[in-house]
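Have a look at the structure below before the remarks.
Remember, it's a predicted structure, so these values are computed and weren't measured experimentally. Naming convention: chains lettered A, B, ... in sequence-line order (proteins, then strands); numbering from 1 in each chain.
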Number of protein chains: 2
Amino acid sequence: MPSSGSRKRISESTIHRLSLYYRTLSLLEKENYETVSSKELAKREKLTPAQVRKDLSFFGSFGTRGLGYNVNELKSKIESILGINRDWKVALIGVGNIGSALVSYKEFAKQGFHIVKLFDNDQRKIGSNHKGITVSDIKDLDMEVKEANITMVILAVPATVAQYIVDDVVKAGVTAILNFAPINLRVPPFVHLRNENMSMELEYLSFAMVNNHAPKKSK
Amino acid sequence: MPSSGSRKRISESTIHRLSLYYRTLSLLEKENYETVSSKELAKREKLTPAQVRKDLSFFGSFGTRGLGYNVNELKSKIESILGINRDWKVALIGVGNIGSALVSYKEFAKQGFHIVKLFDNDQRKIGSNHKGITVSDIKDLDMEVKEANITMVILAVPATVAQYIVDDVVKAGVTAILNFAPINLRVPPFVHLRNENMSMELEYLSFAMVNNHAPKKSK
DNA sequence: ACTGCCATGTGAAATGGTTCACAAGAAGTA
DNA sequence: TACTTCTTGTGAACCATTTCACATGGCAGT
Ligand SMILES: NC(=O)c1ccc[n+]([C@@H]2O[C@H](COP(=O)([O-])OP(=O)(O)OC[C@H]3O[C@@H](n4cnc5c(N)ncnc54)[C@H](O)[C@@H]3O)[C@@H](O)[C@H]2O)c1
Ligand SMILES: NC(=O)c1ccc[n+]([C@@H]2O[C@H](COP(=O)([O-])OP(=O)(O)OC[C@H]3O[C@@H](n4cnc5c(N)ncnc54)[C@H](O)[C@@H]3O)[C@@H](O)[C@H]2O)c1
């Protein structure tokens, strides 16, 4: 009877790979696979079978020796490990170029991330409608975030204002932030922050080309 | 007299951190800093000073003992290590939600990544103008990419067609691809591929919240 | 029930990345 | 010149992650 809080510290790479397994399992499900071996899964992700098994072993024993893993079952185990077997209410702040693109992206909702509020400070945008959601005034952020019980935010505002907004957002009770602005944000220790940095990936490509770096598994 | 090709294999994390240092150095430059110590740089990135020095030491000795690093000089050293002290011609394929957002993003050009061609297969988009660039028919990809000597591509098409386009793009001589489609693409060993996966970061946040994972340095 | 086969789960070994700790160099002061 | 202070650059130690290798257990066929 394993207790709910896992003991070992799980590495970031393991979690990222769980996301990859999840995506591949969804695909295998569509292709009507019943079971999948660590070998097959590894091949699809360009990893080793041992890596796949070790990753999963941190969370339990989900496979059957001689057979492999049941696709449906493993998929739903990973869903529950990643916490995407529930619905998350997300606010998106900054309905500009990238913000609008994100609102239109249906995959997020399929994985349980529901963008339910939009905020901006541009009068021309406030009140307008994006995919059925009306853009709110950033001034009402605290009230509306608290009222809707939102704990996750996507930040797509200019870097110059990102820190101010983060401070407000944290005050409103948000504990998870996905930031697109190219800036190092300060958050209190209990808030989870991830940065999406596209320049970094372009720069990696540039480095690899200039240095004839042997291409390796990406990310 | 160090030779041009570096001997040791440089880790992905080191390259990613160079990107971070670069961004911070640009900021320090604007703030008129003359020099910066590994300690200060580390503080801003939430790293250890030893980490900063070790990262840089793979590429040479850029600092002055007792003083630190000259901001301008270090910045330009990193530019040359990352290969962003030159201009890269980039083609963007798929001028949809995310594609349009990326075309409008001015920071890429500032770092040497110039989007010079747009491709789509939607007749309503072909011929239209985005930020001064006319959208080309995907059918002309091979010709136009070769003609313009483009070696880097940003892929923002639906996952269902991404592999076909990658195959074409590779035939046209492209050797670096930044992919936004949520799919594992196959490329020949001499082609560099990076994936931008936003779901992964949301899932990481979700995992962290559910597991009360202590927040750590992001990415 | 027995046998052969296959793939998991996991300690232990190997590899890779980060941090420590210190010798040594540079600048400033007198 | 001698002395102090500061911070780099780097082997060595430490820690984390990946890979190896194999005992274990389940399934299928006879
Ligand atoms: N566009 C891209 O492809 C891209 C790529 C990578 C990173 N980013 C980053 O994402 C962020 C947004 O980029 P963008 O291109 O969408 O910019 P944008 O200017 O199109 O959008 C920013 C939005 O934020 C809003 N805003 C500004 N100040 C605000 C405030 N105080 N409160 C609420 N809303 C406010 C603006 O009204 C605008 O709608 C930037 O930090 C940018 O660096 C963008
Ligand atoms: N929108 C987002 O926020 C977001 C976030 C993460 C990932 N993605 C991924 O990025 C990709 C694009 O997403 P989007 O939301 O911009 O979709 P979109 O449908 O708005 O854009 C896709 C574009 O690709 C074009 N296209 C389709 N087939 C083509 C072909 N054969 N050749 C050339 N062009 C073709 C379409 O005409 C369209 O303009 C998808 O793979 C999506 O999963 C999008």
To the side chain of B:Thr64, which of D:dG26, C:dA26, D:dG9 is closest? C:dA26
Between A:Tyr22 and A:Glu79, is any side-chain donor less than 3.5 angstrom from a side-chain acceptor? yes
Students often get this wrong, so: under 4.0 angstrom with heavy atoms, is B:Ser38 touching a base, only sugar-phosphate, or nothing? sugar-phosphate
Without hydrogens or angle criteria, can the side chains of A:Thr14 and A:Asp55 be said to hold a donor-acceptor pair below 3.5 Å? yes
Measuring to OP1 and OP2 of C:dT8, would you say a side-chain N or O of A:Arg53 lies under 4.0 angstrom away? yes
What nucleotide among C:dT18, D:dT18, C:dG9 has an atom nearest to a side-chain atom of A:Ser57? C:dG9
Spacing between B:Lys43 atom NZ and D:dT7 atom P, to the nearest angstrom: 13 Å
Hey, which of these two, A:Lys54 or B:Gly63, hits DNA chain D nearer its 5' end, going by closest nucleotide? B:Gly63
Just how far, in rounded Å, is C1' of C:dT18 from NE2 of B:His16? 17 Å
Please state whether the rings of A:Tyr204 and B:His16 are parallel, tilted or perpendicular, taking 30° and 60° as the class boundaries. tilted
Separation of atom CZ in B:Phe58 from atom C1' in D:dT8, rounded to whole Å: 15 Å
Taking CG from A:Leu56 and P from C:dG9, how many angstroms apart are they, rounded to a whole number? 8 Å
OP1 or OP2 of C:dG17 under 4.0 Å from side-chain N/O of B:Ser13: no
Atom OG of B:Ser19 and atom CD of B:Gln111: how far apart are they, to the nearest 0.5 Å? 8.0 Å
Take the protein atom CD of A:Glu12 and the nucleotide atom P of C:dG16, then report the distance between them rounded to whole Å. 20 Å
Under 4.0 Å between a side-chain N/O of A:Tyr69 and OP1 or OP2 of D:dG26, yes or no? no
Can you tell me how far C1' of D:dC15 sits from CD of B:Gln51, to the nearest Å? 13 Å
Would A:Arg44 and A:Tyr33 count as a cation-pi pair here, with the cationic atom under 6.0 angstrom from the ring centre and within 45° of the axis? yes
Check: A:Arg65 side chain, C:dT8 base, donor-acceptor under 3.5 Å: yes
Walking DNA chain C from its 5' end, the first of A:Gly68 and B:Ala50 to be reached, judged by nearest nucleotide, is A:Gly68
Report the distance from atom CG of A:Leu67 to atom C1' of D:dT24, rounded to the nearest whole Å. 15 Å
Please state how far atom CG in B:Asp55 lies from atom C1' in D:dT10, giving the value in whole angstrom units. 13 Å
